[in-house]
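Everything below concerns the one structure shown next.
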Amino acid sequence: MHIAEGFLPPLHAVAWGAASAPFVVHGVRALTREVKANPESTLLLGASGAFTFVLSALKIPSVTGSCSHPTGTGLGAILFRPPIMAVLGTITLLFQALLLAHGGLTTLGANVFSMAIAGPWAGYGVYLLLKRFDVPLMVTVFFGAFFADLVTYCVTSVQLALAFPDPGTGFAGALVKFGGIFAVTQIPLAVSEGLLTVLVMRLLMQSSRSDLVRLGVAKLTGRSGQEAAL
Amino acid sequence: MLPIDVAAHGSRWRRRHPLEKALLGLGLTVTAVCLPPWPGGPLVAAATLAVLLGPAGVAGRQLWRAFRIPLGFCFTGALPLLVAVGGPTGFVSLAPEGPRHAAELLLRTSAASLGVLLFAFTTPVSDVLPRLVRAGVPAPVVDVALVMYRIGFLLLDSMTQVRRAQAARLGHAGRAAVWRSLAGLAATSFVRAFDRAARLQDGLAGRGYDGALRVLVPETALSWRFLAASGALLAVLITLTLTLKGLYL
């Protein structure tokens, strides 16, 4: 859910920009270190970012009968890790604002916080937690993508509720209002995105295991070098 | 390429320095966000439209096609402001100041969106990215963004072709088929993105790639007249808005 250009009051826009900055700077440092250590990773990271960008062009059917696009934050965080996703997500949101008139520049900080920081970290956290309990990979992938999507929308609801508190009940009322509106469409969409991510991961396990090994999602095990999912 | 970027490459202002256009377009956006929505929103929107359709030479139809997207988001985003939740009037009721707040939000977002469109319609992203290094953005980040920009368009084209092929093979007939096709489309994009990166790597390695992507940036001088005119326009808009606000509202 992109917050449109000019939607947030100036103070909120600046505050969300400031909140996002440390995460993006951390991601930039991680990315710079990676590129300095392996110059060829520039191209792989660029390809990863391009993949994140085109994911938003997919239209997924929703249970409510409407159609929406996946955030791609869960899949991106599992494949590329949250710090890198903060940078790739920021560039993606910048491209979407300039090339698709989707989102905005004054709302970039808020959108980065919800879609490139909170969503990926939440999804990746759930993914790691379930993996620690030896939950099957596809179940961890589903819940990683589901929570990444859901947290993205919850954070967006909080951002909107802070900017537009309800006249009678303040922030709490506005949170119920925005959260309630999103819940109708976004909970089914989060389920849809979780299912889609599982299907994508299954196909990738069949067709691109070597790339998944390189990204650390799958690893080589045993003397025969047979690959297995982590 | 995407329609806005195509228009930017053929723009009358293409050869102008991106900083000039950033000052004007993004200045108008910031002005729209910071000024009181009434009468600031309509004044900024009118001035931006005049620049877009006049000196910048953007076609009206192209502009409308791009503008209707954020406008739709603005409309749907403003609707929740019309209702209040909880309180003595019931769980859901009409907000007393709701229509005014929704109208102000619409004015602000519409004017701000036009400012960004002015920048986007006159400045190709490929002109902006290499210059970000001079603005202090680390070179590796700019290089990654450049690769994303180049591969992104190729992937979008591939996706369109794959989607068309899937539809021709009844890949969209029925819910299960749609899900299978979508998963295949996303996985194909991933595979093609990495394949493209590997081929790019091989090609660049043959040309002595050392980790830095060097691109030719056409030298353009800053026009102080343009900058001064942009600053004057912003100053006039701010003064006019605050004067009108003080006099009549």
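The figures that follow rest on heavy atoms only: side chains count, while hydrogens, waters and symmetry mates do not. Residue numbering restarts at 1 for every chain, and letters A, B, ... go by the order of the sequence lines.
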Note to self: Show the nearest heavy-atom pair for residues Ala112(B) and Thr29(B), with the distance to one decimal.
What the structure shows: O-OG1, 3.1 Å
Notebook entry, point to check: What part of Leu155(B) lies closer than 4.5 angstrom to a heavy atom of chain A: side chain, backbone, both or neither?
Noted result: both
Next item on the list: Side chain from CB out, backbone as N, CA, C, O: work out which of these in Ala32(B) comes under 4.5 Å of a heavy atom of chain A, or both, or neither.
Entry: neither
Notebook entry, point to check: Using non-hydrogen atoms and a limit below 4.5 Å, what part of residues 97-111 of chain B faces chain A?
Noted result: Leu105(B), Arg108(B), Thr109(B)
Check: Which bit of Leu88(A) is near chain B, if near means a heavy-atom gap under 4.5 Å: side chain, backbone, both or neither?
Finding: both
Margin query: At a heavy-atom distance under 4.5 Å, which candidate from Val30(B), Asp5(B), Val116(B), Asp143(B) has the highest pair count against chain A?
Written below: Val116(B)
Check: chain A heavy atoms under 4.5 Å from Pro80(B): which part of the residue, side chain, backbone, both or neither?
Finding: both
Check: Which bit of Phe95(A) comes within less than 4.5 Å of chain B, counting heavy atoms only: side chain, backbone, both or neither?
Finding: side chain
Notebook entry, point to check: Do other residues, nucleotides or ligands put more than 12 heavy atoms under 6.0 Å from Phe182(A) CZ?
Noted result: yes
Checklist line | Contact origin within Thr42(A) toward chain B - heavy atom pairs under 4.5 Å | finding: both
Note to self: Could you check whether any side-chain heavy atom of Glu193(A) comes within less than 4.5 Å of a side-chain heavy atom of Leu189(A), counting everything from C-beta outward?
What the structure shows: no
Checklist line | Max heavy-atom pair count under 4.5 Å with chain A, selected residue of Ile69(B), Val125(B), Leu117(B) | finding: Val125(B)
Next item on the list: Using non-hydrogen atoms and a 4.5 Å limit, figure out which bit of Ala4(A) sits close to chain B: side chain, backbone, both or neither.
Entry: side chain
Item checked: Thr156(A) side chain near Gln159(A) side chain, heavy-atom distance below 4.5 Å -> yes
Checklist line | Most contacts with chain B, counted as non-hydrogen pairs under 4.5 angstrom, among Leu105(A), Thr52(A), Leu11(A), Ile3(A) | finding: Leu105(A)
Check: Between Phe121(B) and Phe67(B), is a ring-ring contact (aromatic ring centres under 6.0 Å, His included) present by the stated rule, with each step listed?
Finding: CA-CA 11 Å; Phe121(B) 263 109; Phe67(B) 183 53; over 10 Å; no
Next item on the list: Below 4.5 Å from any heavy atom of chain B, which atoms of Ile181(A) appear? Answer side chain, backbone, both or neither.
Entry: side chain
Margin query: Tell me which of these, Leu45(A), Thr106(A), Leu204(A), has more heavy-atom pairs under 4.5 Å with chain B than the rest.
Written below: Leu204(A)
Margin query: Looking only at heavy atoms and a cut-off of under 4.5 Å, which of Val191(B), Leu146(B), Thr123(B) has the most pairs with chain A?
Written below: Val191(B)
Notebook entry, point to check: Does Arg81(A) reach the main-chain N or O of Ile78(A) with its side chain, forming a donor-acceptor pair under 3.5 Å?
Noted result: yes
Item checked: Greater than 12 external heavy atoms within 6.0 Å of His26(A)'s NE2 -> no
Next item on the list: Evaluate whether atom CZ of Arg14(B) has more than 12 neighbouring non-hydrogen atoms of other residues, nucleotides or ligands under 6.0 angstrom away.
Entry: yes
Checklist line | Donor + acceptor pair across side chains of Gln96(A), His2(A) (<3.5 Å) | finding: yes
Checklist line | Contact origin within Thr107(A) toward chain B - heavy atom pairs under 4.5 Å | finding: neither
Item checked: Under 4.5 Å from a heavy atom of chain B, the part of Val176(A) involved -> side chain
Notebook entry, point to check: For the residue pair Pro36(B) and Leu242(B), what are the closest heavy atoms and their distance?
Noted result: CD-CD2, 4.3 Å
Margin query: Counting heavy-atom pairs closer than 4.5 Å to chain A, which one of Phe153(B), Phe73(B), Phe190(B) comes out on top?
Written below: Phe190(B)
Notebook entry, point to check: Is it the side chain or the backbone of Leu204(B) that comes within 4.5 Å of chain A heavy atoms, both, or neither?
Noted result: side chain
Next item on the list: Please determine, among Leu203(A), Leu99(A), Leu8(A), Val28(A), the option with the most heavy-atom pairs under 4.5 Å with chain B.
Entry: Leu99(A)
Checklist line | Partner chain A: residue of Gly152(B), Cys34(B), Ala186(B) with the largest heavy-atom pair count (under 4.5 Å) | finding: Ala186(B)
Item checked: chain B contact via Ala97(A) - side chain, backbone, both or neither, heavy atoms under 4.5 Å -> backbone
Check: Looking only at heavy atoms, which two atoms of Ala101(A) and Pro70(B) are closest? And how far apart?
Finding: O-CD, 3.8 Å
Next item on the list: Identify which part of Pro167(A) has an atom lying under 4.5 Å from any heavy atom of chain B, answering side chain, backbone, both or neither.
Entry: side chain
Note to self: Under a 4.5 Å cutoff for heavy-atom pairs, which residue among Val35(A), Ile91(A), Val87(A) has the most contacts with chain B?
What the structure shows: Ile91(A)
Note to self: Counting only non-hydrogen atoms closer than 4.5 Å, does Leu114(B) touch chain A with its backbone (N, CA, C, O), its side chain (CB onward), both, or neither?
What the structure shows: neither
Note to self: Using every non-hydrogen atom in the two residues, find where Thr32(A) and Pro138(B) come nearest and quote the distance to one decimal.
What the structure shows: OG1-CB, 4.2 Å
Note to self: Just checking Phe164(A) against Phe7(A), ring centres under 6.0 Å apart?
What the structure shows: yes
Next item on the list: Give, as side chain, backbone, both or neither, the part of Ala78(B) having an atom under 4.5 angstrom from any heavy atom of chain A.
Entry: backbone
Item checked: Region of Val137(B) in contact with chain A, defined by heavy-atom distances below 4.5 Å -> neither
Notebook entry, point to check: Which atom pair, heavy atoms only, marks the closest approach of Thr73(A) to Asp149(A)?
Noted result: OG1-N, 4.3 Å
Check: Do Asp166(A) and Thr169(A) meet the criterion of a side-chain donor-acceptor pair at a distance under 3.5 Å?
Finding: yes
Check: What is the minimum heavy-atom distance between Phe142(A) and Val191(A), and which atoms define it?
Finding: CE1-O, 3.7 Å
Check: Does Ser11(B) reach the main-chain N or O of Ala7(B) with its side chain, forming a donor-acceptor pair under 3.5 Å?
Finding: no
Checklist line | NE2 on His9(B) to CD1 on Ile4(B), rounded to 0.5 Å | finding: 12.5 Å
Next item on the list: Look only at the side chain of Lys177(A) and the backbone of Ala84(B), and say whether a donor-acceptor pair between them is shorter than 3.5 Å.
Entry: no
Margin query: Quick check on Leu94(A) against chain B: is it the side chain, the backbone, both or neither that has a heavy atom closer than 4.5 Å?
Written below: neither
